[in-house]
Amino acid sequence: MGDAGMRGFLRKDGRKGIRNVVAVAYLVECAHHVSRLIVQRSGADDVHLIGFPGCYPNKYSLEMMQRLCTHPNVGAVLLVSLGCEGFNREQLRRHIAASGRPVDLLVIQQSGGTTRTLNAGLDIVRRMRAELAKQQAVPMALDELVIGTVCGGSDGTSGITANPAVGRCFDWLIEKNAACIFEETGELIGCERIMASRAVTPELGREIEACVDKAANYYRIMGYGSFAPGNAEGGLTTLEEKSMGAYSKSGSSPISGLIKPGDIPPRGGLYLLDVVPDGEPRFGFPNISDNAEIVELIACGSHLVLFTTGRGSVVGSAISPVIKVCANPDTYERMADDMDVNAGRILNGAELDEVGREIFELVQRVAAGEASKSEALGHQEFILTYKQFEPIGPACLPAA
Amino acid sequence: MSPNESARLPPLLLLHPEDNIVVARRDIAAGERVELDGESFLIPATVELGHKLARRALAADTRVLKYGAPIGSMKTAVARGEHVHLHNLRSDYIPSTTRDGTGGH
């Protein structure tokens with residue numbers, strides 16, 4: 001066995017998945033219902049629904065779908081198209097086929113409507129699951145893991161308990177050469193100089209400062225910072241106060257790189273994910289809800305996601321398990337069934353290291369196959385919207 | 001740790017020695033006596049878990065420090081122990097939003 005009993009499904013690109021799901025992907029909202037029926041009627045927990053709702057072509061969404069459909073946790077993919085939408089379904093299919101995964105495409109207008117597509121889809125999913133069931137998992141080590149972190153429903157406890165505890169866990173994962181990703185540059189406004197000072201090169205530090213400036217400008221034009229009413233009800237007053245709390249999720253390791261959605265960390269270390277679109281604001285808010293951030297972390301290869309929450313979020317995700325770290329002891333009491341870790345006990349005297357260690361050990365158990373709370377409850381939220389990005393500059397990923 | 005033991009922990013948290021605010025470790029009722037910088041202090045109004053109180057009197061435009069880092073500036077002066085929140089603290093970056101669209105602006 002690998003580290004702590006971890007095992008993974010080896011893919012052609014050398015990465016390993018900690019799950020082996022069949023993804024059913026709608027390529028426009030018009031194919032969403034048929035895809036959802038296929039997933040529901042398959043009756044299997046390991047058949048996940050993903051997709052893109054728009055009818056207009058968009059380079060970002062095509063690249064995101066390519067990354068998601070070839071994520072190591074995905075074993076096979078069924079694409080469902082209406083037929084007339086702008087999504088480049090053939091390119092996506094070729095990309096998935098080249099990754100060595102079973103892939104099939106149903107076009108509702110050609111299959112003869114809802115019922116015929118549903119029946120054909122159920123047959124395909126059944127065959128794909130039978131094929132995946134034959135795959136043998138192989139040992140997997142911590143240095144093969146990619147872990148993302150996100151916060152949602154933050155309050156005045158988040159930056160004191162759950163976020164620094166995840167930071168400790170990140171430090172230990174990075175010591176073992178895992179790749180760890182933290183994000184939402186718009187929620188790091190105010191932390192730009194501290195972050196830049198942790199960059200492995202001064203050039204990367206300047207890129208980090210520039211990307212936070214970009215985020216501040218973007219949110220200013222939108223008219224709102226990434227700050228929800230619940231944040232204020234929980235005691236947070238300003239965006240930069242929320243940022244300082246969110247920032248502590250990153251731990252204390254040097255920052256090895258700045259990546260954008262769909263970029264996969266080239267090696268172990270700590271990476272900042274720039275989620276704010278490039279160019280003039282065009283399609284609205286950068287990430288309209290927490291799951292949009294989770295999907296981008298997963299598109300960067302995250303095998304699982306550590307989600308810290310103070311007010312109490314219940315979401316999970318398609319493709320990768322989400323581990324809930326609850327910052328607020330009162331919220332934990334109310335919503336214990338949804339929470340994997342009670343970091344709020346730090347306020348009652350528990351040590352940060354003790355909670356960090358609990359998260360570190362849970363990461364390994366979930367990677368070894370144990371279901372997280374949201375996963376066991378069937379949470380498989382997913383959202384992908386329009387964006388535009390330029391590729392990262394050469395200073396963003398300094399050589400090791 | 002039992003609830004009795006945790007009740008003995010100081011209800012106000014100082015997160016960084018340079019901070020000019022403290023954070024409520026639990027809900028604290030008005031009239032409760034708590035320790036603030038080694039002195040007994042009478043809480044003037046009920047404060048909820050995670051909320052901030054002024055560690056000392058703060059003049060308008062004072063930079064507020066939490067975790068040792070600036071988190072905004074005072075809109076108005078406050079007395080020691082007063083609740084520091086949307087009504088008297090503003091962002092130095094982007095105004096905060098509330099459901100009725102007024103807070104922080």
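Proteins come first, then strands; the chains are lettered A, B, ... in the order of their sequence lines, and each starts at number 1.
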Closest non-hydrogen atom pair between A:P329 and A:N348, with its separation:
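For A:P329 versus A:N348, the nearest heavy atoms are CB-ND2, 4.2 Å.
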
For A:V275 and A:F389, work out which heavy atoms get closest and say how close.
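For A:V275 versus A:F389, the nearest heavy atoms are O-CZ, 3.5 Å.
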
Side-chain donor/acceptor of A:N231 to backbone N/O of A:A228, under 3.5 Å
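A pair under 3.5 Å: yes.
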
Spell out the residues in residues 152-165 of chain A that have some non-hydrogen atom less than 4.5 Å away from a non-hydrogen atom of chain B, in order of number; otherwise answer 'none'.
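A:G156, A:T157, A:G159, A:I160, listed by number.
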
So which part of [X] gets closer than 4.5 Å to some heavy atom of chain A, the side chain, the backbone, both or neither?
{"X": "B:L15", "result": "side chain"}
{"X": "B:Y67", "result": "side chain"}
{"X": "B:V84", "result": "backbone"}

Within the supplied structure, the quantity of interest is the number of heavy atoms (other residues, nucleotides, ligands) at a distance under 6.0 Å from A:E351 CD; does it exceed 12?
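Counting other residues, nucleotides and ligands, CD of A:E351 stays at 12 neighbours or fewer.
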
A quick test of your reading: do over 12 heavy atoms of other residues, nucleotides or ligands sit less than 6.0 Å from CZ of B:R56?
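Check passes, neighbour count above 12.
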
Taking every heavy-atom pair that is under 4.5 Å apart, which of [options] has the most such pairs with chain B?
{"options": "A:E233, A:R220, A:K242", "answer": "A:E233"}
{"options": "A:S243, A:G310, A:S248, A:G245", "answer": "A:G245"}
{"options": "A:I194, A:I189, A:T237, A:T238", "answer": "A:T237"}

What I'd like to find out is whether the side chain of A:R168 reaches to under 4.5 Å of the side chain of A:R357, using heavy atoms alone.
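Counting from C-beta outward, A:R168 and A:R357 never come under 4.5 Å.
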
Between A:E184 and A:K249, does any side-chain N to carboxylate O distance fall below 4.0 Å?
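No, A:E184 and A:K249 are not salt-bridged.
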
Any carboxylate oxygen within less than 4.0 angstrom of a Lys/Arg side-chain nitrogen, looking at B:R55 and B:D19?
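Judged by the 4.0 Å cut-off on N to carboxylate O distance, B:R55 and B:D19 do not form a salt bridge.
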
Identify which one of A:L258, A:I259, A:L204, A:I181 satisfies the side-chain contact (heavy atoms from CB on, under 4.5 Å) criterion when paired with A:L272.
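Going through the options one by one, the only one that passes is A:L258.
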
Do you know which of B:K52, B:K66, B:H83 has the most heavy-atom pairs under 4.5 Å to chain A?
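If we count pairs closer than 4.5 Å to chain A, B:K52 comes out on top.
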
